[in-house]
Structures are given as C-alpha cells and as structure tokens.
Amino acid sequence: MKADLVSGVAAPLSGDIRVPGDKSISHRALMLGAVAVGETRVRGLLEGEDVLCTAAAMRALGASVVRDGDGDWSVRGRGLGALVEPDRVLDMGNSGTAARLLMGLVASHPITCVFAGDASLSARPMARVITPLEAMGARVMARAGGRLPLALRGADEPLAMEYETPVPSAQVKSAVLLAGLNAPGTTTVIERQATRDHSELMLRHFGARVAVEALAGGGRRIELTGQPELTGGEIDVPGDISSAAFPLVAALTVPGSAVTLRHVGVNPLRAGLLDTLREMGADITLQNARQAAGEPVADLRAAHAGPLRGVQVPPERAPSMIDEYPILCAAAACATGTTVMHGVGELRVKESDRLGAMARGLAACGVAVEEAEDTLTVHGRGGPPPGGAVIASQLDHRIAMSFLVLGMAATEPVGVDDGGPIATSFPGFVALMNGLGAHIAKGGTP
Ligand code: S3P
C-alpha cells in the first residue's frame, strides 16, 4: 500500500498552540442559529469539512450563513418552525453528527429532505434516530438497515415524547431534543449513562428551558419545554478536546516534549481521556479555568515524564472519551504493561469500525493486541513501538491522525494511505504538528 502521509521520529515537541474549534459545538451553533430569531455570531467555528456540510445544509434550509473571516461566522435565523424545504439533496459528507442532528431538527418541520453522505456515512446505522423521530410523527424512507441515502418527511403536527435512549449516544439524545423544539409540550430524554451535554447547554444559551435531573447510576433525565423563543447571540467555540488529544498524546509519548494547548473545552462529559492518561502517569495540568458559551474551558499543558503505564479503562468512562480510543491506543502502545479498554462496542459504528482498524493497524506496527466484540487489549512496548507500516485510514480522520502520532514515537516511520479525511475535523493538522517538532511528510514509503 502506498502512503499518502508518512510520520517519522519526531524531535521533542514544544510549543504553545490553539487547536481548531470544537466540532460538536460548531454543528450545534449553526443549527440552533438557523432556527433562532435574529443574528448569531460565532467565533472560533471549526472550518472542517463536517461543519461546512452543516453550514451548506442550513443555507439550503433557508438560513443565511455567512463567513465573515477566519472562524468568524454569522447566522441569521428563520425562527423556529420556519425552515424551508431544500431544493437539493442535503450532503452530510462524512458526518454522523450533522446527519443525525439535522434529521432531528427537520423532523418537526412539515418539509421533505433527502439526506446523503460518503461511503463511510452511508454504512452507519440511522435506525437509532429514525425510531424516535417516527414516534414523533416524521416519516422516513431509508435503505435497508436504516442507512443513507434516506428521505425524511417532517411531521405536520409533531408530538412531544418521552424517550429512553437504547445506546448511550449524544447524537440520538440531541436528535430527539432538536425535534422536540418545534413540538408543543415537554420532550423528555432519559439516558442511563450521561453523554456530552453540548445540546442542553447551548439550548439554554439560546433561551430554551431545559431541566436536567441526575439519575441513580450516573444517568440523566432531560426535559425540554417545546416551542421556546430562541434568540441569537454570541458563541465563542472552545478548542476541540478531541483534536487536542493528538498533540497531547504526542507530547506524552515523545521524550523531552512539553506543549501548551490554549482555550480547550474541558466539559467533564468530554474529558475522560484526561482522567485515563493521568491514571497512566501522565503529567497534564489545567490552567486558567474559565467559561465560554456556557462551556468549561482551560489551557492544557502536557509534558513527557517517562513511559506511561497500562491501565484498565472502565466501561462507564466510554461516553466521556468515545472519540479518543484510537489515540489512547497510540499511548497504550508506548506504555509499560497492558491497557484494557472495556465496553467499547460503539466504536464499531463510528466513521469506521475503529476497534478493527486499531487492532489491525497496531498489529502491523508490531504491537500485540487482542480484539473482542466489546473490548480491546493493547500490550504496551514500554518504549518506542516498532512501526514501519502503512495503515488504511478507511475514511476515518481519527484513525489517520492516531497512526501519524504513533509514528512520531515509533522506531520506524508509520504511514497512512489517505490523509484526506483529516480535513473533516482538523484542518491544518500536519502543519500544526510539524510546527511543534513532528516530521510528517507527503508520500513515499515508510
Ligand atoms: C457526537 C457524539 C458522539 C461522537 C461524535 C460527536 C455529538 O457520537 O462520537 O463524534 O456531537 O453529539 P454518538 O452520540 O453516536 O456516540
């Protein structure tokens, strides 16, 4: 396999940087801005392909979405219930969040929308949102197994409902809440494990009434009062902790490194990787803790402090670090001892089957790994893993970036066959990492 990008042994990483804006928050800012009254000004919007798909879709649904400058966007909303029927297919690209949240938002508008996406997104399950949205009055015609492309006819008279999510998924929760926005009455979501609460926080920021009750066992009951007056305002998008995870783990695995990452979102329902890395012995400090758009934000400093140690990652931590397991695998490969990630079956339905992709890729890099249905075990090398392989990205940005980070700490360079997907979430990744001391180059054989 030919490499598109190759990552060789890095110099000790050092620098003080800002990573791009949070993807989850960026999608939500554009969607809620489009159904609010007045103007929403967004600073620090992630200009990755996933979010640009959402921007294009909101325009097709009748909102004015304008790029004023680097990361500065303004959205002029139509008011709740006033989205218009698009005259073209809504192309959601690679983005599960864009597809599922938008299906929710339009499900309570009396319009027909056709959703499509790339090969990765077209293979991902949508039944998890189709089921509750149909119960709220939408009608959906999808490919076998509830896959994209699909057509959704929103309800003329949407019904508020109480729904318990069968999988811990912020996308499913958010789809139901967004559908509930234009339904009279109270829409309730019960989740047995708490998932990222960006929708709840941003709905409140726009003026909606959202009541959250903690349930025994770590779950939550979320109640949204329907048909609120949503008012546009200012949103300062924090840096994406899921993107910060890559320079963070690089600094923890390349000897002599120390990096500072400014203005990173540290919402506790997203920050499980920090807990796990600290348990592995990582030196990570949070400074200047503050709030932005209702979200906790801080500067992160990470420094190499000897090899990390393998740990058991409990299943209940999965929702708070669901996108970080691929990069945790890179850390675990360099650690002393064994890391076991429990309860991670959901990784099989992400942009790729991430359990399979990580297991195969680590094995190709000379790292012993055991893959079970719901568990991944990585036997750390206690130092640089061998590397020396080209890994298939499988249209998955996080697989590509994780192996490029592994290459920085490995004995032999590591390549990926396709670096294109990185642009979905982390435009500028290569330049930013090379600016810190990495050696990622275009093409060649490792
Ligand atoms: C997201 C929720 C998570 C996560 C995804 C973004 C969101 O997906 O993996 O990258 O913005 O709500 P699930 O809710 O399907 O677990």
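Since the model is a prediction, treat every value here as computed from it, not as a measurement. Atoms within a ligand are numbered from 1 in the order they appear, just like the ligands themselves.
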Can I get a per-line list of side-chain donor-acceptor pairs under 3.5 Å for residues 30-45, giving both atom names and the distance, sequence neighbours left out?
none

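- In summary, the side chains of E85 and H109 do not present any donor paired with an acceptor at a separation below 3.5 Å, with no hydrogens or angles considered.
- For A56, there are no side chain to side chain contact (heavy atoms under 4.5 Å, CB included) partners two or more places apart in sequence or in a different chain.
- Sorted by chain and number, the residues within 4.0 Å of ligand 1 by heavy atom are S24, R28, T97, S169, A170, Q171, R196, I322, D323, K350.
- The residues R196 and D323 are annotated as salt-bridged, a charged nitrogen and a carboxylate oxygen being separated by less than 4.0 angstrom.
- Put simply, the residue from R270, R398, K23 that forms a salt bridge (Lys or Arg N to Asp or Glu O under 4.0 Å) with D240 is R270.
- Looking at residues two or more places apart in sequence or on another chain, you find a salt bridge (Lys or Arg N to Asp or Glu O under 4.0 Å) between K173 and E191, E200.
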